[in-house]
Number of protein chains: 2
Amino acid sequence: MTDDQSSTAIRVLLAEDQGMVREALAALLGLEGDIDVVAQVARGDEVVAAALAHDVQVAVLDIEMPGMTGIEAAAALHRESPQTKIVIATTFGRPGYLRRAMEAGADAFLVKDAPAAELAEAVRRVLRGERVIDPVLAAAALAEGANPLTGRERDVLAAASDGALNAEIARRLHLSEGTVRNYLSMAIQKTSARNRTEAVRVAREKGWL
Amino acid sequence: MTDDQSSTAIRVLLAEDQGMVREALAALLGLEGDIDVVAQVARGDEVVAAALAHDVQVAVLDIEMPGMTGIEAAAALHRESPQTKIVIATTFGRPGYLRRAMEAGADAFLVKDAPAAELAEAVRRVLRGERVIDPVLAAAALAEGANPLTGRERDVLAAASDGALNAEIARRLHLSEGTVRNYLSMAIQKTSARNRTEAVRVAREKGWL
DNA sequence: CTCTCGGCATGACATCCGTCATGCCGAGAG
DNA sequence: CTCTCGGCATGACGGATGTCATGCCGAGAG
């Protein structure tokens with residue numbers, strides 16, 4: 001943002017949809033003498049263009065954003081600019097999110113519960129080529145194993161999450177109602193839930209949905 | 001935090017459970033020459049004690065926190081220290097939240113989607129005795145009317161929100177299963193939903209739950 | 001070639017959910 | 001006193017949900 005930083009400062013992009021939080025994080029990082037927030041975006045689908053336009057070295061991405069999730073934006077950025085380091089900073093430390101983020105090319109995964117100092121430190125460490133992950137969360141991700149839901153099971157479970165009736169889900173996804181019931185039944189079993197509502201909750205907590 | 005501020009700076013407390021966000025907001029407010037963040041807490045139930053211990057003039061409270069919600073903390077603080085101004089800064093601009101916050105004694109209600117500058121400005125304005133509310137949100141709160149759910153309907157709907165079976169809810173709340181079904185049926189009708197899942201979603205969006 | 005897997009479907013059936021009718025009780029207001 | 005409201009309950013019943021059996025198809029691996 002400011003041009004009076006040292007030319008060796010790390011050029012950082014911040015992607016976070018809540019304006020107040022994003023600007024506060026930019027202010028916080030701005031206090032670091034070696035970090036320069038050169039771009040801020042509020043939508044996932046603006047990440048790549050902004051990163052390229054500002055010659056960004058480290059992108060700090062929230063996950064839940066409009067336009068594209070932070071994980072999707074990470075994958076896109078990794079494809080377009082493989083040398084750009086990616087830090088995911090998210091509200092929920094869900095194991096499935098961690099797994100997907102790392103698969104998408106992220107170099108660090110932070111939870112917003114952590115002290116603010118960890119964000120600046122992660123920015124410096126990823127630039128040095130390090131990986132930054134909470135060991136407890138890493139263990140949970142490894143213990144959970146891969147997401148057991150097939151693509152279609154996920155689609156149907158996601159469609160059911162807001163209270164949609166089977167008949168409506170069937171219409172929406174161009175399936176028969178019986179097929180919807182089958183997919184939901186499988187999703188309920190794979191999440192060890194008792195019904196769809198519980199299955200949604202479990203899948204979300206694990207970052208499977 | 002720092003003691004080298006002018007003695008006329010506004011003494012502010014920040015309550016926010018996410019460490020990174022809280023410290024970033026403190027850093028942001030710390031850049032204002034007339035604002036001094038003298039206390040930070042991560043739990044709603046720590047608000048009152050910290051506000052009194054630090055002679056706080058303005059308390060900035062998130063809503064969703066462990067130990068006590070920001071709205072409950074606002075009510076408690078308003079009772080213990082009526083001259084302390086209260087700013088609610090929340091992720092979701094739910095009409096029911098606004099209503100409840102103002103009833104609890106809040107002087108301002110901000111949504112985190114807003115630009116960061118609005119937070120410092122709200123702090124200054126409430127200290128001058130002003131009320132700060134987004135007019136669109138205020139209109140929505142007035143249009144929604146009061147929460148139509150009775151206390152028991154709310155209890156039962158909340159208990160149903162994570163997928164609990166009626167039999168389990170009945171056990172948990174010491175009711176008969178038929179009564180649970182009745183309360184849920186009423187909640188479903190009052191929220192104009194088609195089933196419990198939708199009723200939960202609607203009630204949450206309106207801040208009724 | 002066979003086997004596995006994901007996607008899709010039909011059909012049967014038990015259980016759960018949601019609605020409605022009905023009614024009792026206590027508290028508070030008029 | 002009556003009326004209203006919230007809390008609670010029983011009972012009947014139709015519809016939605018969830019489970020399971022079964023089977024077809026295409027794609028990919030061995």
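Throughout, protein chains are lettered first and strands after them, A, B, ... in sequence-line order, and every chain is numbered starting at 1. Remember, predicted model here, so these are calculated numbers, not experimental data.
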Per the side chain to side chain donor-acceptor pair (under 3.5 Å) rule, what does the pair list look like for residues 67-79 of chain A, sequence neighbours excluded? Thr69(A)-Glu72(A)
Full working for side chain to side chain donor-acceptor pair (under 3.5 Å) between Arg196(A) and Asn166(A): CA-CA 11 Å; Arg196(A) 64 184 60 192; Asn166(A) 290 342; 2.6 Å; yes
Salt-bridge contact Glu168(B)-Arg172(B) (side-chain N to carboxylate O under 4.0 Å): yes
Are Thr191(B) and Gln189(B) close enough that a side-chain donor and a side-chain acceptor fall under 3.5 Å? no
Regarding Arg124(A) and Glu121(A), does a basic nitrogen lie under 4.0 Å from an acidic carboxylate oxygen? yes
Passing candidate, side chain to side chain contact (heavy atoms under 4.5 Å, CB included) with Val60(B), options Leu110(B), Leu25(B), Leu119(B): Leu119(B)
Members of residues 179-187 of chain B that approach DNA chain C, where some heavy atom sits under 4.0 Å away: Arg181(B), Asn182(B), Ser185(B)
In dot-bracket notation, what is the pairing pattern of DNA chain C, taking Watson-Crick (N1-N3 plus N6-O4 or O6-N4) and G-U wobble (N1-O2 and O6-N3) contacts under 3.5 Å, with [ ] crossing and | for other strands? ||||||||||||||||||||||||||||||
Between Gly129(B) and Lys85(B), which heavy-atom pair has the shortest distance, and what is it? CA-NZ, 4.4 Å
Please give me every residue in residues 189-209 of chain B whose heavy atoms get under 4.0 Å of an atom in DNA chain C, ordered by residue number. Gln189(B), Asn195(B), Arg196(B)
Can you sort out the partners of Arg43(B) under side-chain hydrogen bond (donor to acceptor under 3.5 Å, both in side chains), two or more places apart, ordered by chain and number? Asp45(B)
Quick one: do Glu130(B) and Arg125(B) make a salt bridge, cutoff under 4.0 Å? yes
Could you tell me whether Asp62(B) and Arg22(B) have a side-chain N and a carboxylate O separated by less than 4.0 Å? no
Side chain to side chain, Leu175(A) and Tyr183(A), heavy atoms closer than 4.5 Å: yes
Under 4.0 Å from any atom of DNA chain C, heavy atoms only: list the residues of residues 147-177 of chain B that qualify, in numerical order. Leu165(B), Asn166(B)
